[in-house]
Every structure is written in structure tokens, then in C-alpha cells.
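Accompanying notes for the structure given below.
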Amino acid sequence: MLTLKYITENTAEVIARLAKKHFDGTAIIAQVIELDNARKAAQVQADNASAELNNLSKEIGNLMKQGKQAEANAAKEKTVELKEIIKTIGDQQSAAEQKLNDLLVQIPNLPHESVPSGKHAEDNLVERTGGSMPTLYDGAVPHWDLAKKYDLIDFELGVKISGAGFPVYKGKCARLQRALINFFLDNARESGYLEIQPPYVVNAASGYGTGQLPDKEGQMYHCTIDDLYLIPTAEVPVTNIYRDVILNESELPIKNTAYSACFRREAGSYGKDVRGLNRLHQFDKVEIVQIQHPDKSYETLDQMVNYVQTLVDKLELPWRILRLCGGDMSFTSALTFDFEVYSAAQERWLEVSSVSNFESYQANRLKCRFKSGDKKTQLAHTLNGSALALPRIVAALLENNQTPEGIRIPKALIPYTGFDIID
RNA sequence: GGAGAGGUGGCAGAGUGGUCGAUCGCGGCGGUCUUGAAAACCGUUGUACUGUGAGGUACCGGGGGUUCGAAUCCCUCCCUCUCCGCCA
């Protein structure tokens, strides 16, 4: 969430910038400021009363020691009123704090100045493109047909075992996925990321820390019996490693990578978007996470985008990078670049990565801070990105590389798959 | 699942109802010494809110209670660890 300090000190600017996300902050921010003032006033009162009570208590202690029982009793009577004030004003203060927090989590992050205005996906800016468009042979088909033809993915079997959106991968496709995971992790490691194996279920505090809770509760599978959530991305457990942590400035940047299965309920999805591998309830992904000094986070964002670009290049996929417009960005992001690859038989661009700088928005919730020698502790910036999400990569690889003889594996992957064609 | 132990500052570990935000040690930071380092010695070292400031307030797992006063007593919830059982 945004810091209260920033909102109160830059009110007009905050409202103006939120407008780019099509969020009208006028009313809510007025309320925030009002509550903040009420909170401060209450605290001053309650603190003064507490200070007085503390002094009185010490006095009573001394009087009792000296055997001045009568004076001590007189002083005790004075405490009654003070305790009353502390209780009622204190309650007012915590009520204001609670409401304040409830409001703050409803305010989205401020978009970076470079974010294009716009409401929908069509308003995103194409930043750059690369790779070459494949020319498919006559009779080329979408990946769901290839999946049948080569017995690679059994969607119906997944329905039987679990439900729609839980495909069963078989044979060379299962091996291809395993190869991709290793390929992505090895690349990340070579790029300086520390590999992490995180838990796949998290508690509510972690979900809150990265912003899935409370607003996106419906997106996660919830194991109510233990009150744990299946992770929708490795970002959640990995970023939460740094919850309530004060790092030393010299430790920055933190660079972590993790493979995980990801679980998403995707309530409300339908139609061509969910066909085949395009949208699943369970999928594999390798995530990269960085925690960086505020002065360097945009430089880092560029590096992460460039890194992801090397992956799609090595996989020989046609790609484009989108700078998301204000209306299409996530609630918590300040600047997001999406990667899309072209899946030639579907004739569609598929999103395979989203790389974002959250600035201090997540860090404020997480209480992830750093401190440098003499300077004060301050909030760090957090960034993350997919590098990469598997299913749509697999879809594009299958579709783009199909030939009458079989499906060709890109050169960079062959050492990982151990085969060069699916036939 | 059964039984027991315990949750205190970065770590380790004391703590009698009052002068305890909390002993001591380690680590960290600064300094003396040294060509440099180590060692030794000296000093310093939690977080947040609040106040123009001196300062004030809160926090010893969470919440509640007793008391003039709670890290310390009571209730309750959560969590962790150990042993036994089961098990990849």
C-alpha cells in the first residue's frame, strides 16, 4: 500500500496520478486524511494521559514504601479518571487506525510517469518486438489438436481426475516441460539469481503481504481446514521471505528465482481464452524476484525485461513487449511490461510473462526495509517477473515448430530434452 | 494422532509485580593501537507512532483480565520444539 506520509504530503499529486489507473481517489483520500488527523489527536491525548498515569504509579510506589498509606490511596483515586481516558481515547485511536488501514489497502499503487494512459489491453504500447514469424505448412493445427495427434496432453483425463484446467502431460510433452523448467532455472542462476524452493501453500499473513489478500481472495484455492492458501505464483512465498525484514543496504539487490506449480481458480474465465493450454488452474512457472534500492529499481526493471527477452530469443519464439497502460496494469504495480509470444496456429499473441516494479507498495505491506550506515531505515523496492510461465510457451513451441515430420525442438532446449523432435 | 516443553532485542540467553526497552555474552557499527590486519581496550548498537523541540507513548508470540503499577500473576487463542505412533 501507499504510505500514509506520502499521501498526506502529496495529496493532489496522488489523486492526479491515480486517475491514470482510472481510480477516483478524491473521496477516499479525503477520508484518509481526516482519519489520520483524528488518529493523531487521539494519540496525543492518550499518550499524555498514559504519561500522567505512569508518573502517578511511580509516586504511589514511593509513598507506599515510605508507609504513607493515606496519601497513596488519595493518589490511587486520581488514577481512575486517567484510566478511563486512556481506555476511551485509546479505543478511538485504534478504531481510527483500523479504518485507516482498511482504506489504505483499497488504494492502488501509483503508476509510473511513463505509463501510457488508456483503459484496455488495446491501449498498451508495443515497446519492441523480436524473433521471426513462422510460416506454417498447409495442415498445421492448434496445439490442442497436436496434443491429440502425438498423444502429448490429455485434457479429458485431467477432467476425470481433477476438473477442467488440470491437464495431464504425457511422454515427450512431460519431458519438454521438465526441460523448460531446468532451462529457465539454469539461465536465472547464470544471471545471478539464487535458486529457492518455496512452500506451495502459504498462510494468510503471506497472502496479505504480497497483496493477494484481501482483494483477490477468490483467485486462490483456500484449504479452509488449515486456513492455508495454494500459491498462485512463487512470488508469494519468495517475496514473503523478506516480510518483516530489515536488510543491510550492502545486501541489495536481492535476486531470487524459484520454480513452482501455480494454482489459480480463474473464476469467471470462459471461451477461446481457456481453450487448450491458454488458461489453466494449475501450471508451472519459474519466477524471478528482486529487492532493490529505490534509486536503482527502474534500472533493475530494465535488466529483468532484457533478461526475459534472452529467454524467448533462445527459444526462437516471435515475441513482443508491451508497456501496459494505466487501465490494464495490476492494482499493486507501478510499471509493468508484458511479454507475449505469437502462437502461429491459433494466430494469437499469448502472454507469457509480466515483469513489474512495485516500488515500495508491496514493501510497505511486507515491512521489507533496508538500512544503510547512518541513514534511517527505509522501504525497499520489490520487483518480479515470470521467467517464464510454461503452458503458453509450450503451446507456442508446439504450434510454431510443427512440420509434416513432427514438432521440432529449438536448439537451446535439446540438451535439456534429450530429443530434437516430437513425432 | 498421543504425551511433554517452550515462545524475551540480529543471534544466544537472564529476568524478584515497581527505578526494566529490559543484565551478560556474541555479532554489528565507531574509535584507540598498527604500515595494514588480527588481538586487546574504549564507546555505541531494537522498531514504530507522536511532538517544532527537550521529550512522550507503545511493543518481551496474539488477544483479554487482575493491579495505582505486569516481561513477571490469571484466562484464552496461536505458533514452535522434543519424544512416541504412522509415513514419502
Side-chain angles (χ1 to χ4, degrees), chain A residues 1-9 32-105 197 199-209 213 222-229 237 240-252 254 261 291 360 363-380:
Chain A
M1 55 190 164
L2 298 175
T3 61
L4 190 53
K5 192 169 147 71
Y6 196 85
I7 293 174
T8 54
E9 287 176 3
V32 162
I33 289 171
E34 192 187 316
L35 279 167
D36 186 40
N37 289 332
R39 172 190 133 262
K40 280 185 195 170
Q43 182 175 347
V44 171
Q45 271 191 74
D47 280 3
N48 288 340
S50 292
E52 214 177 312
L53 179 63
N54 287 344
N55 286 331
L56 213 46
S57 295
K58 271 180 206 161
E59 221 174 279
I60 291 169
N62 287 331
L63 290 171
M64 305 250 278
K65 255 182 220 161
Q66 295 163 26
K68 298 177 179 169
Q69 197 63 44
E71 284 177 56
N73 286 340
K76 278 190 195 183
E77 278 172 36
K78 279 199 253 173
T79 65
V80 176
E81 192 190 345
L82 286 173
K83 286 206 279 187
E84 195 65 30
I85 292 172
I86 292 166
K87 175 101 176 69
T88 51
I89 305 291
D91 284 351
Q92 283 172 29
Q93 186 189 343
S94 40
E97 274 166 10
Q98 183 60 50
K99 267 190 234 159
L100 201 49
N101 197 58
D102 289 348
L103 292 179
L104 285 175
V105 300
Q197 277 196 344
Y200 288 4
V201 294
V202 294
N203 54 30
S206 294
Y208 180 84
L213 296 176
H222 187 192
C223 309
T224 50
I225 224 178
D226 296 303
D227 196 22
L228 293 170
Y229 296 85
N240 270 284
I241 292 173
Y242 305 97
R243 169 154 52 86
D244 293 322
V245 167
I246 300 178
L247 296 156
N248 197 302
E249 186 177 4
S250 61
E251 296 176 80
L252 300 176
I254 300 276
I291 296 173
S360 61
N364 190 29
R365 277 201 186 189
L366 287 163
K367 299 236 169 10
C368 173
R369 292 159 291 176
F370 71 93
K371 117 165 101 176
S372 54
D374 44 351
K375 281 188 224 146
K376 254 189 80 181
T377 56
Q378 55 175 317
L379 292 170

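Convention: sequence-line order gives letters A, B, ...; per-chain numbering from 1. As the structure is a computational prediction, the values presented were derived from the model and not from experiment.
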Name every residue in residues 82-91 of chain A that has at least one heavy atom under 4.0 Å from any atom of RNA chain B, in order of residue number, or write none if there are no such residues.
A/K83
[X]: what forms a side chain to side chain donor-acceptor pair (under 3.5 Å) with it, not counting sequence neighbours?
X: A/Y6; value: A/E13
X: A/S360; value: none
X: A/D226; value: none
X: A/N37; value: none

Kindly state each residue pair satisfying salt bridge (Lys or Arg N to Asp or Glu O under 4.0 Å) with at least one member in residues 49-62 of chain A, sequence neighbours excluded.
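Residue pairs passing salt bridge (Lys or Arg N to Asp or Glu O under 4.0 Å), neighbours aside: none found.
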Between [atom2] of [N] and [atom1] of [X], the distance in whole Å:
X: A/M64; N: B/C68; atom1: CE; atom2: P; answer: 9 Å
X: A/N54; N: B/C20; atom1: CG; atom2: C1'; answer: 13 Å
X: A/E249; N: B/G28; atom1: CD; atom2: P; answer: 18 Å
X: A/L53; N: B/U67; atom1: CG; atom2: P; answer: 14 Å
X: A/K58; N: B/C68; atom1: NZ; atom2: C1'; answer: 13 Å

Measure the shortest side-chain to side-chain distance between A/D244 and A/L366 over non-hydrogen atoms and say whether it is less than 4.5 angstrom.
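A side-chain contact is absent here, since even the closest heavy-atom pair is not under 4.5 Å.
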Nearest-nucleotide wise, let me know which of A/G61 and A/K76 is further upstream toward the 5' end of RNA chain B.
A/G61
Just to verify, what does A/D47 make a salt bridge (Lys or Arg N to Asp or Glu O under 4.0 Å) with, not counting sequence neighbours?
none
Test of understanding: with salt bridge (Lys or Arg N to Asp or Glu O under 4.0 Å), list the residues that count as partners of A/E9, not counting sequence neighbours.
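Expected list: A/K5.
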Any side-chain to backbone donor/acceptor pair from A/N48 onto A/V44? Under 3.5 Å, distance only.
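Yes, because the side chain of A/N48 sits within donor-acceptor range (under 3.5 Å) of the backbone of A/V44.
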Classify every nucleotide of nucleotides 46-53 of chain B by which part a protein heavy atom approaches to under 4.0 Å, writing B for the base, S for the sugar-phosphate alone and - for neither, in 5'-to-3' order.
SSSBSS--
Report the residues that fulfil side-chain contact (heavy atoms from CB on, under 4.5 Å) with A/K87, sequence neighbours left out, ordered by chain and then residue number.
A/D91
Checking A/E77 now: which residues fulfil side-chain contact (heavy atoms from CB on, under 4.5 Å) with it, not counting sequence neighbours?
none
Just checking A/N48: base, sugar-phosphate only, or nothing, at a heavy-atom cut-off of under 4.0 Å?
nothing
Once you apply a heavy-atom cut-off of 4.0 Å, does A/A75 come out as touching a base, just sugar-phosphate, or nothing?
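Nothing, no nucleic acid heavy atom in range.
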OP1 or OP2 of B/C68 sitting under 4.0 Å from any side-chain N/O of A/N55?
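Checking B/C68 against A/N55, no side-chain N or O comes under 4.0 Å of OP1 or OP2.
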Mind checking which stems touch RNA chain B? I mean at least 3 consecutive Watson-Crick or G-U pairs, both distances under 3.5 Å.
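RNA chain B forms these stems: B:1-7 with B:78-84, B:27-32 with B:40-45, B:46-50 with B:55-59, B:61-65 with B:73-77.
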